[in-house]
Protein chains: 2
Amino acid sequence: MRKSFTKNPREIKMSEILKEQFEKVIKISDVDFEYILSHFTFKKFRKHQFLIQENQDVIYDYFILSGCVKSYFIDQNGKTHILLFGVKDWWITDYEAYYYQKKAIVNIDCLEDTEVLCLSNENREKLCRELHQIEHFFRKKTNRRNVALQNRILSLLSSNAKERYEQFLREYPELVQKLPKHILASYLGLTRETLSRLYSSK
Amino acid sequence: MRKSFTKNPREIKMSEILKEQFEKVIKISDVDFEYILSHFTFKKFRKHQFLIQENQDVIYDYFILSGCVKSYFIDQNGKTHILLFGVKDWWITDYEAYYYQKKAIVNIDCLEDTEVLCLSNENREKLCRELHQIEHFFRKKTNRRNVALQNRILSLLSSNAKERYEQFLREYPELVQKLPKHILASYLGLTRETLSRLYSSK
DNA sequence: CATATCGCACAAAAAAACTGTGATGTAAAT
DNA sequence: ATTTACATCACAGTTTTTTTGTGCGATATG
């Protein structure tokens with residue numbers, strides 16, 4: 001893993017995506033952006049590698065460039081509960097890792113080879129101190145996630161299998177193609193068999 | 001992951017293996033051994049999960065019960081160098097993790113579903129303090145590894161592909177069957193193609 | 001008792017990983 | 001300058017693993 005953000009064509013494209021994201025929230029100069037970028041590391045995770053694992057001390061912020069990750073925890077019965085999926089242009093922040101604070105700890109697991117921009121909390125704090133406005137960017141991202149997650153949990157409780165599946169189909173049509181069905185099933189709180197029957201019996 | 005070492009048949013067998021290992025080095029009573037065992041955790045890793053990863057703060061000692069792990073680092077060119085394989089009855093200690101100290105950091109990666117007994121450094125220190133002789137056990141293990149590793153590096157430098165392969169065949173005949181050839185090749189400092197030709201052309 | 005869903009078992013299909021081999025390149029040794 | 005001892009690239013065949021569909025019985029709930 002390299003420390004500095006050197007410029008090959010792939011990475012130039014990535015930094016452009018990141019800049020676009022930033023600019024939705026704050027206005028920054030090219031020089032400032034260069035500086036921000038220098039705090040990021042480019043990393044690649046292979047399938048089933050953990051971005052964040054329970055009991056991990058060092059937490060990073062990840063900005064997903066490609067691939068797909070899942071955020072989940074395992075309950076007392078050993079069952080996996082997926083909280084959300086991270087796809088392109090999403091931030092994975094320490095919020096995910098500590099959502100259930102002391103009750104349950106969340107793993108972030110890679111679903112497919114995933115490329116990310118990686119920012120350590122240390123660097124993030126440094127950035128926030130030095131470029132005051134940046135803080136706003138990170139906070140906004142996290143709050144937005146917060147609301148989305150709570151909405152989802154509420155809607156999971158109140159609808160049946162078919163409705164949940166159809167809602168997901170509307171929300172993330174591209175993920176339905178991409179995700180292994182057993183993972184999608186887990187996200188919807190179903191078994192893969194039930195999910196399979198949902199769309200084949202119709 | 002459970003904290004306590006409860007007794008199902010599988011785990012009883014494991015603790016016997018561990019005891020055998022201990023008894024090669026030190027004489028301990030059943031009561032002492034029970035106590036030692038209570039500091040261990042039983043863990044299972046799936047293929048390609050990391051036992052130890054670069055930048056990881058918390059390091060554990062692992063005693064491998066089944067499966068196979070590789071210890072490696074990635075150089076500046078992105079090339080993977082395998083230092084050693086861990087197989088049944090081996091200890092993976094923090095020595096591996098810090099072999100190259102500040103120059104390069106070593107990952108320990110699982111090759112196949114691997115079962116281990118896990119001992120945190122914290123627990124290890126506690127054990128060493130409380131049961132004075134245990135320290136000797138751990139130190140001996142680490143030193144033995146140290147010598148083996150240095151020997152290997154020297155022999156890698158001094159022999160050609162065929163010799164290296166034949167030496168490995170003598171040392172670990174069972175691993176030759178078990179390991180994917182590209183991993184074996186990497187261990188021998190060859191490409192998988194060269195290795196493939198080594199035994200097919202003969 | 002009907003409905004909704006789970007859980008197990010198994011087989012087919014799809015994807016990924018592994019392996020062998022030819023063609024071609026390269027650097028050091030003779 | 002040729003040979004030796006590999007590496008690198010490309011590709012295809014094989015093996016293994018993962019994913020998926022579906023029958024059948026279990027379970028839980030209104």
Side-chain angles (χ1 to χ4, degrees), chain A residues 44-49 66-70 74-82 85 109-114 155-169 174-202, chain B residues 44-49 67-70 72 75-82 85 109-114 155-169 175-202:
Chain A
K44 218 168 173 171
F45 289 85
R46 62 176 293 174
K47 219 166 164 175
H48 290 126
Q49 222 179 313
S66 74
C68 176
V69 301
K70 69 171 190 234
I74 296 171
D75 66 17
Q76 305 92 319
N77 309 318
K79 218 189 140 186
T80 298
H81 298 267
I82 298 179
F85 295 113
D109 184 12
C110 207
L111 286 177
E112 42 181 292
D113 291 4
T114 295
S155 79
L156 256 189
L157 289 172
S158 64
S159 52
N160 67 15
K162 194 163 182 176
E163 284 166 12
R164 280 182 244 168
Y165 170 65
E166 281 168 358
Q167 190 187 326
F168 189 86
L169 203 58
E174 77 291 354
L175 275 188
V176 174
Q177 308 299 323
K178 220 160 122 181
L179 289 176
K181 296 289 175 290
H182 68 269
I183 289 178
L184 174 54
S186 165
Y187 178 76
L188 296 171
L190 304 169
T191 57
R192 61 180 191 79
E193 294 95 333
T194 304
L195 177 62
S196 169
R197 282 170 192 125
L198 259 188
Y199 51 74
S200 63
S201 74
K202 192 170 51 172
Chain B
K44 220 168 172 170
F45 289 86
R46 61 176 291 175
K47 221 166 162 174
H48 290 127
Q49 222 179 313
C68 176
V69 301
K70 70 171 189 232
Y72 68 99
D75 66 17
Q76 304 92 320
N77 309 318
K79 219 190 141 187
T80 298
H81 298 267
I82 298 179
F85 294 113
D109 183 13
C110 209
L111 285 179
E112 42 180 293
D113 292 4
T114 296
S155 79
L156 258 188
L157 289 172
S158 64
S159 52
N160 67 15
K162 193 163 182 176
E163 283 166 13
R164 279 182 244 169
Y165 170 65
E166 282 170 357
Q167 191 186 328
F168 188 86
L169 203 58
L175 276 187
V176 174
Q177 308 299 323
K178 221 159 121 181
L179 289 176
K181 296 291 176 289
H182 68 269
I183 289 178
L184 175 54
S186 165
Y187 177 76
L188 296 173
L190 305 169
T191 57
R192 61 182 189 74
E193 295 94 332
T194 303
L195 177 62
S196 168
R197 282 173 190 121
L198 260 189
Y199 51 74
S200 65
S201 74
K202 192 172 51 169

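These numbers were taken from a predicted model, which means no experiment stands behind them. Here is the naming used below: chain letters follow the sequence lines, and residue numbers restart at 1 for every chain.
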Rounded to the nearest angstrom, tell me the gap between atom [atom1] in [X] and atom [atom2] in [N].
X      : N      : atom1 : atom2 : answer
B:Y165 : D:dA5  : OH    : C1'   : 18 Å
B:L188 : D:dA5  : CG    : P     : 17 Å
B:K178 : D:dT16 : NZ    : P     : 16 Å
A:L179 : D:dT19 : CG    : P     : 11 Å
B:R192 : C:dA17 : CZ    : C1'   : 11 Å
A:H182 : D:dG21 : NE2   : C1'   : 15 Å

For the [atom1] atom of [X] and the [atom2] atom of [Y], what is their distance to the nearest 0.5 Å?
X      : Y      : atom1 : atom2 : value
A:L175 : A:K178 : CG    : NZ    : 6.5 Å
A:R197 : A:E193 : CZ    : CD    : 6.0 Å
A:C68  : A:I183 : SG    : CD1   : 8.0 Å
A:E174 : A:L179 : CD    : CG    : 9.0 Å
B:L169 : B:L184 : CG    : CG    : 9.0 Å

*Under 4.0 Å between a side-chain N or O of B:S200 and OP1 or OP2 of C:dT19?*
no
*May I ask you to verify if any side-chain N or O of B:Y199 is less than 4.0 angstrom from the OP1 or OP2 atom of C:dG20?*
yes
*Determine to 10° how strongly the helix from C:dC1-D:dG30 to C:dT30-D:dA1 is bent, judged from the axes of its five-pair ends.*
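Taking five pairs per end, the axes differ by 30°.
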*Taking the side chain as every heavy atom from C-beta outward, state whether B:K181 and B:Y199 have any pair of such atoms under 4.5 Å apart.*
yes
Show the nearest heavy-atom pair for residues [X] and [Y], with the distance to one decimal.
X      : Y      : result
B:L190 : B:A161 : CD2-CB, 3.5 Å
B:L188 : B:F168 : CD2-CB, 3.9 Å
B:R164 : B:G189 : NH1-O, 3.7 Å

Under 3.5 Å between N/O atoms: give me all the protein pairs with nucleotides 1-6 of chain C, atom names plus distance.
unit_1 : atom_1 : unit_2 : atom_2 : d
C:dT5  : OP1    : A:A161 : N      : 3.0
C:dC6  : OP1    : A:G189 : O      : 3.3
C:dC6  : OP2    : A:T191 : N      : 3.4
C:dC6  : OP2    : A:T191 : OG1    : 3.2
C:dC6  : OP2    : A:T194 : OG1    : 2.4

